[in-house]
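Here is the structure we will look at.
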Amino acid sequence: MATISSSSFVISPNLLQESTKPFRTHLQKLNLQPHKPQFLPLKFTHRRLNAVAEDTSVATADPSSVAARRLYVGNIPRTVTNDELQKIVEEHGTVEKAEVMYDKYTGRSRRFAFVTMKTVEDAAAAAEKLNGTQIGGRDIKVNVTEKPLASLELSVLQTEDSQFVDSPHKVYVGNLAKTVTTDSLKSFFAEKGKVLSAKVSRVPGTSKSSGYGFVTFSSEEDVEAAISSLNNAVLEGQKIRVNKA
């Protein structure tokens with residue numbers, strides 16, 4: 001029997017023939033490639049760093065300053081675009097952004113917009129000049145979304161908070177008109193019982209009413225009387241909700 005020899009071993013030809021096919025099939029399935037180290041592109045890393053920097057600047061921005069520069073513009077024609085609105089408002093101050101609100105399903109204008117001015121002074125001037133004027137034959141309503149507190153207003157509200165007398169005999173009053181003050185709320189409930197104190201809740205950092213308040217009494221009987229007689233009563237044009245706090 002013939003054999004195939006090498007310098008170090010001897011292989012039977014029959015064994016070589018039997019193993020040739022599976023050996024070749026096995027090699028065909030292997031996809032041997034030299035390992036290449038993977039590196040992130042430099043520009044990707046750079047862009048990510050920029051994104052982090054942008055996120056940090058947004059997080060540290062003062063949201064109240066933006067609200068004080070932001071105008072609500074209502075009752076505008078449906079045909080008014082962002083650019084057209086910006087040109088109208090720019091006559092009274094520098095505009096950073098004008099954005100008409102659209103219905104996400106129909107794509108139609110919702111007839112109101114928000115305009116962010118460069119400064120608080122620009123916002124106040126634009127609101128004063130534009131409120132009650134006309135765009136396309138429609139009387140528009142323009143106001144600052146959230147006015148910053150003057151130092152005098154702030155001191156008055158701080159005094160109100162410090163003078164509020166809490167009590168276990170207390171009611172929550174909801175759906176208050178924006179015009180309701182602490183004094184008018186107290187006077188309204190004083191007709192039905194002995195009121196110790198009253199307080200209208202405010203949006204933090206502003207004089208804007210949150211639409212609810214609290215009234216305290218000297219007894220549980222006064223609380224029950226106030227709820228039974230004043231729940232759904234009308235105070236300055238709106239039905240109020242009264243229940244135990």
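Just so you know, these numbers use all the heavy atoms, side chains as well, and skip hydrogens, waters and symmetry mates. Note that this is a predicted model, so its numbers are computed, not measured. Sequential numbering from 1 along the given sequence is applied to the chain's residues.
In this structure, Lys118 has no salt bridge (charged side-chain N to carboxylate O under 4.0 Å, His left out) partners at least two apart in sequence or on a different chain. Applying the side chain to side chain donor-acceptor pair (under 3.5 Å) criterion to Thr119, with sequence neighbours excluded, gives Asp122. Every residue meeting the side-chain contact (heavy atoms from CB on, under 4.5 Å) condition with Asn175, not counting sequence neighbours, appears here in chain and number order: Gln238, Arg241. Judged as a side-chain contact (heavy atoms from CB on, under 4.5 Å), and not counting sequence neighbours, the contacts of Asn75 are Arg138. Contacts of Tyr172 classified as side chain to side chain donor-acceptor pair (under 3.5 Å), with partners at least two apart in sequence or in another chain: none. For Ser187, there are no side chain to side chain donor-acceptor pair (under 3.5 Å) partners at least two apart in sequence or on another chain. A search for side-chain contact (heavy atoms from CB on, under 4.5 Å) contacts involving Ser197 returns Phe164, Val165, Thr216, not counting sequence neighbours. Here Asp139 pairs with nothing under the salt bridge (charged side-chain N to carboxylate O under 4.0 Å, His left out) rule; sequence neighbours left out.
Smallest separation of non-hydrogen atoms from Ala126 and Val142: O-CG1, 4.4 Å. Heavy-atom minimum distance, Gly211 versus Lys178: N-NZ, 4.2 Å. Of all heavy-atom pairs between Ser109 and Pro77, the closest is OG-O, 4.3 Å. Closest heavy-atom contact between Lys186 and Leu196: NZ-O, 4.0 Å. Taking both residues in full, the closest heavy atoms of Thr182 and Lys199 are given as OG1-CA, 4.0 Å, listed atom of the first, atom of the second, then distance. Heavy-atom minimum distance, Ala123 versus Ala68: CB-O, 3.8 Å.
The shortest distance between side-chain heavy atoms of Val171 and Phe217 falls below 4.5 Å. A heavy-atom distance below 4.5 Å is not found between the side chains of Leu71 and Asn143. Between Lys194 and His169 there is no side-chain heavy-atom pair separated by less than 4.5 Å.
Crowding of Phe114 atom CZ: a count of heavy atoms from other residues, nucleotides or ligands under 6.0 Å exceeding 12. Counted within 6.0 Å of NZ on Lys170, heavy atoms from surrounding residues, nucleotides or ligands total more than 12; the atom is thus considered enclosed.
Annotation: salt bridge (charged side-chain N to carboxylate O under 4.0 Å, His left out) contacts involving residues 123-132, sequence neighbours excluded, are absent.
Separation of atoms CD1 (Ile140) and OG1 (Thr133) is listed at 3.5 Å; rounding is to 0.5 Å. Here the straight-line distance linking atom OG of Ser209 with atom CZ of Arg202 works out to 5.5 Å at 0.5 Å rounding.
Between the side chain of Ser210 and the backbone N or O of Tyr212 there is no donor-acceptor pair closer than 3.5 Å.
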Quick one: side chains of residues 85-102, donor-acceptor pairs under 3.5 Å with protein atoms, not counting sequence neighbours, listed by atom name and distance.
unit_1, atom_1, unit_2, atom_2, d
Gln86, NE2, Glu90, OE2, 3.0
Glu96, OE1, Arg69, NH1, 3.2

Identify each donor-acceptor pair in which a side-chain atom of residues 228-235 lies under 3.5 Å from a protein atom, sequence neighbours left out, and give them as a table.
unit_1, atom_1, unit_2, atom_2, d
Ser228, OG, Glu224, O, 3.1
Ser228, OG, Ala225, O, 3.1
Ser229, OG, Ala225, O, 2.6
Asn231, OD1, Val242, N, 2.9

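Using a 3.5 Å distance cut-off with no hydrogens or angles, the side chains of Tyr72 and Thr145 do not pair a donor with an acceptor.
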